[in-house]
Structure formats: structure tokens, C-alpha cells
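Note: hydrogens, waters and symmetry copies are ignored here, and every other heavy atom, side chains too, is used. Positions are given from 1 along the sequence.
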Amino acid sequence: MILKQYVVDAFTDTVFKGNPAAVCILPEWISDSLMQSIAKENNLSETAFAVKNGDGYGLRWFTPGGEIDLCGHATLGTAYVLLNVIETDCSRISFLTKSGRLTVKRERDLYEMDMPAYHLKQVPVTDEMEQAIGYRPVEAWMGRDLVCVMEDEQQVFQAVPDEEKVKKLDGLLLQITAPGTAYDCVTRSFAPKLNVSEDPVCGSGHCHVIPLWAEKKKQSQLTAFQASQRSGVLYCRMEKDRVMIAGKAALYSKAELFVPV
């Protein structure tokens with residue numbers, strides 16, 4: 001079987017920055033085990049698989065360590081491929097996912113995703129969090145992920161988390177975040193439980209941190225910076241229980257995969 005695959009750098013307009021996502025547009029669904037094997041072979045934080053479904057597409061996301069329920073950058077990357085390669089007459093794409101229906105619309109060079117906001121519950125700051133991160137958080141919140149609010153953005157920039165200790169913390173991913181000077185907030189995302197040391201730019205992570213900072217700052221629109229080595233910028237706004245996350249994208253590669261039937 002020959003499958004087409006694209007790699008798109010999301011939340012940037014320059015290759016080698018942002019977050020690379022592999023995107024496979026399939027004629028029909030292949031087995032979960034094959035999708036997982038492709039994700040492992042790609043060894044990117046996410047590989048997205050999409051199949052035409054009525055007027056939209058079914059969409060699933062796989063990390064090297066397993067399937068995940070929500071991924072922003074791979075959704076943006078998939079929308080970029082569809083709107084620029086396959087559905088070139090459209091400016092909006094709808095996806096049916098494990099997190100419900102997601103839509104992405106293109107406005108000039110920005111791709112805006114309509115995503116669910118995670119409900120956060122404040123939890124106690126622990127010594128284990130401090131030991132895993134290397135700095136003691138001032139607050140901790142739990143959604144799907146553990147969100148640790150740091151004292152300032154320098155702690156976010158300088159943190160070198162201990163992966164084995166991060167694995168022992170509650171939550172699927174670890175998000176560390178602080179108010180920014182040049183941006184409304186600065187965040188880094190770590191996913192060793194999914195065999196991803198650091199996610200370069202995490203859209204689903206911002207479905208946690210944007211509701212948090214919107215409430216703290218009493219503003220609905222925020223510009224967020226992902227402070228990974230690759231870095232990325234996200235243009236966000238809150239609409240009730242939804243987070244609108246927009247970013248740019250750059251096509252890095254397109255290829256053919258030769259995989260067993």
C-alpha cells in the first residue's frame with residue numbers, strides 16, 4: 001500500500017520552527033496498529049490521519065506512545081494540507097474527532113481552530129512537582145494535563161524537567177506557564193508519558209492555559225508564546241467554553257509511504 005504523507009510545521013510561517021506534524025490523508029481507515037507503527041516510525045510528537053466523511057473529515061492523532069484525544073498543531077497541519085492541496089475551493093474544514101466536532105477556517109495566512117476548553121480544578125502544589133520541574137510552582141491546576149504556574153517567564157525558559165519524575169506526576173502532559181513580557185503568556189509542554197520529551201508547540205495545552213490566563217487577566221484575547229527550542233506563536237481568544245486558536249503553517253515535505261496491507 002502506498003500512502004501520501006505531508007509534514008507541516010504548525011504555528012510558524014518558517015520551516016524548522018513551530019511544531020512539525022505528519023499528515024496522512026487516507027482513502028479509508030487503516031488498522032490502529034498500522035497507524036501506531038507509522039507514528040512510531042515518524043517519531044514526531046503527532047501523526048494525524050484523516051478520512052473523508054460526508055462534508056467533513058474524520059480525524060485521529062497518534063503520538064509515538066499512543067493515540068491521543070486532542071491535538072491542536074496536527075489539526076492545524078491537517079487543515080493546511082486539505083485547504084491547500086485537496087479542498088482548494090474551501091476556506092473552512094470540519095473534523096469529527098474523539099473531542100467532538102472541530103472546525104478550522106482560513107483567513108489569509110492564519111488557520112483558526114475552534115477547540116474545547118478544558119475545565120481546570122486547582123490542586124495543591126507538591127514537592128514532587130518542584131523536584132520534577134526544578135522550580136517550585138506558585139499554583140497547580142488539573143485538567144487532562146497538569147498545569148503548573150511558575151513565578152516568572154524566566155523559570156519557564158530555563159526549566160530542565162526530569163522526565164522520569166514528570167512521568168510520576170498526575171495528568172497526561174505537564175504544562176508550565178507564566179505571564180510574558182512580550183506576550184500575554186509563555187508556556188512549555190512536556191509529554192514523556194507519550195514518549196515525547198517536549199512538545200514544540202502544543203495546541204491542546206493551550207486549551208488549558210488560555211482559559212486560565214483569560215480568567216486571571218480578565219481579557220478574552222491573548223497572544224501566546226511557546227518557549228520551546230523551535231518556538232511558536234498562537235493567537236487565541238475565548239468564546240464561552242471554546243478556545244479559538246489561530247496560527248500560521250509552513251509545508252516542509254511531502255512523501256509516499258510504502259506500508260504493508
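Not one N or O on the side chain of N42 forms a donor-acceptor pair closer than 3.5 Å with the backbone of L44. Judged purely by atom type and a 3.5 angstrom limit, H208 has no side-chain atom pairing as donor or acceptor with the backbone of V147. The backbone N or O of D69 sits less than 3.5 Å from a side-chain atom of S99, completing a donor-acceptor pair. In this structure a side-chain-to-backbone donor-acceptor pair under 3.5 Å is present from R230 to G18. With hydrogens and angles ignored, the 3.5 Å screen pairs no side-chain donor or acceptor of K248 with any backbone N or O of L234. Side-chain N or O atoms of S204 include none that pairs as donor or acceptor with a backbone N or O of C71 at under 3.5 Å. In this structure, S37 contributes its side chain and S33 its backbone to a donor-acceptor pair below 3.5 Å. Side-chain atoms of R242 come within 3.5 Å of backbone N or O of D114 as a donor-acceptor pair. Of the possible polar contacts, none joining the D145 side chain to the L174 backbone as a donor-acceptor pair under 3.5 Å is found. No side-chain donor-acceptor contact under 3.5 Å links T63 to the backbone of S45.
Summarising the local packing, CG of N195 is surrounded by more than 12 heavy atoms from other residues, nucleotides or ligands at distances under 6.0 Å. Atom CD of E151 has 12 or fewer heavy atoms from other residues, nucleotides or ligands within 6.0 Å. Around atom CD of E130, more than 12 heavy atoms belonging to other residues, nucleotides or ligands sit under 6.0 Å away. Remark: K254 NZ is loosely packed, at most 12 non-hydrogen atoms of other residues, nucleotides or ligands lying under 6.0 Å away. The neighbour count for E41 CD, taken as heavy atoms of other residues, nucleotides or ligands under 6.0 Å away, does not exceed 12. Counting heavy-atom neighbours within 6.0 Å of K193 NZ, excluding the residue itself, gives a total above 12.
To the nearest 0.5 Å, the span separating CG on N84 from CG on L251 amounts to 8.5 Å. With rounding to the nearest 0.5 angstrom, the CE atom of M150 is 11.5 Å from the OG1 atom of T187. Taking CG from L257 and CD from Q5, the interatomic distance works out to 4.5 Å, rounded to the nearest 0.5 Å. One finds the CE atom of M1 at 6.0 Å from the CG atom of L3 (value rounded to the nearest 0.5 Å). M244 contributes atom CE, which lies 12.5 Å from atom CD1 of I210 (distance to the nearest 0.5 angstrom). To the nearest 0.5 Å, atoms NE2 (H206) and OG (S189) are separated by 6.5 Å.
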Criterion side chain to side chain contact (heavy atoms under 4.5 Å, CB included) on R101 and S94, from CA distance to verdict: CA-CA 7 Å; R101 186 170 293 276; S94 176; 2.7 Å; yes
Stepwise side chain to side chain contact (heavy atoms under 4.5 Å, CB included) check, Y252 with V8: CA-CA 5 Å; Y252 171 65; V8 178; over 6 Å; no
Residues F11, I245; criterion side chain to side chain contact (heavy atoms under 4.5 Å, CB included); working and verdict: CA-CA 10 Å; F11 299 114; I245 300 177; 3.8 Å; yes
Check against side chain to side chain contact (heavy atoms under 4.5 Å, CB included), N43 and K40: CA-CA 5 Å; N43 201 31; K40 286 182 179 178; over 6 Å; no
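In summary, of the residues considered (E46, H73, Q175), a side-chain contact (heavy atoms from CB on, under 4.5 Å) with C202 occurs for Q175 alone. The residue from R106, R92, R237 that alone fulfils the side chain to side chain donor-acceptor pair (under 3.5 Å) condition with E112 is R237. With M113 as the fixed residue, the side-chain contact (heavy atoms from CB on, under 4.5 Å) test singles out one of V104, L102, V243: V104.
Here the shortest heavy-atom pairing between K52 and G54 reads CE-O, 3.2 Å. Across V125 and P137, no two heavy atoms sit closer than the pair CG1-O, 3.6 Å. Between M129 and C148, the shortest heavy-atom distance links the atoms SD-SG, 4.0 Å. Summarising the geometry of E87 relative to I93, their closest heavy-atom pair is CG-CD1, 4.0 Å, with the distance given to 0.1 Å. A pairwise comparison of heavy atoms in V201 and S231 identifies CG2-O, 3.7 Å as the closest pair. Between P192 and S197, the shortest heavy-atom contact is CD-O, 4.3 Å.
Put simply, the side chain of T47 does not reach to within 4.5 Å of the side chain of V23, judged on heavy atoms. Between L83 and C90 there is a side-chain heavy-atom pair separated by less than 4.5 Å. Proximity of I25 to K4: side-chain heavy atoms (C-beta onward) are nowhere separated by under 4.5 Å. Here the side chains of V149 and L212 are in contact, with some heavy-atom distance below 4.5 Å. Under the 4.5 Å side-chain criterion, counting only non-hydrogen atoms from C-beta, T103 is not in contact with F95. In this structure, F16 and T14 have side chains that are not in contact, with every pair of non-hydrogen atoms separated by 4.5 Å or more.
A salt bridge links R60 and D32; the closest N-O separation between the charged side-chain nitrogens and carboxylate oxygens is under 4.0 Å. Using a cut-off of 4.0 Å between Lys/Arg side-chain N and Asp/Glu carboxylate O, K165 and E163 are scored as not salt-bridged. At a threshold of 4.0 Å, the pair R136-D127 counts as salt-bridged, since one of the basic side-chain nitrogens sits closer than that to a carboxylate oxygen. Salt-bridge check for K216 with E139: passed, with a basic side-chain N closer than 4.0 Å to an acidic carboxylate O. Using a 4.0 Å cut-off between charged nitrogen and carboxylate oxygen, K167 and E164 count as a salt-bridge pair. Under 4.0 Å is where a charged nitrogen must lie from a carboxylate oxygen, and between E67 and K98 at least one such pair does. Taking a cutoff of 4.0 Å between a charged side-chain nitrogen and a carboxylate oxygen, E198 and R188 qualify as a salt bridge. Classification of K17 and D9 as a salt-bridged pair fails, no side-chain N sitting under 4.0 Å from a carboxylate O.
A perpendicular orientation is assigned to the rings of F225 and F157, their planes being inclined by more than 60° (bins at 30° and 60°).
Both Y57 and L76 are part of a single hydrophobic cluster, where members link through side-chain heavy atoms under 4.5 Å apart. Criterion: ILVMFWY side-chain heavy atoms under 4.5 Å apart, direct or through other members. Under it, M35 and L96 are not part of a common hydrophobic cluster. Residues I68 and L70 share a hydrophobic cluster, clusters being chains of Ile/Leu/Val/Met/Phe/Trp/Tyr side chains in contact below 4.5 Å. Cluster annotation: L26 and L59 are assigned to distinct hydrophobic clusters (Ile/Leu/Val/Met/Phe/Trp/Tyr, side-chain heavy-atom contacts under 4.5 Å, transitive). Both V209 and V138 are assigned to one and the same hydrophobic cluster, defined by single-linkage of ILVMFWY side chains at heavy-atom distances under 4.5 Å.
Taking the six-membered ring where the residue is Trp, the centroids of Y80 and Y6 are separated by 6.0 Å or more.
A side-chain donor from one of T177 and W213 sits under 3.5 Å from a side-chain acceptor of the other. Under 3.5 Å, the side chains of Q158 and Y135 contain a donor-acceptor pair of N or O atoms. Side-chain contact annotation: T75 with W61, donor-acceptor N/O pair under 3.5 Å present.
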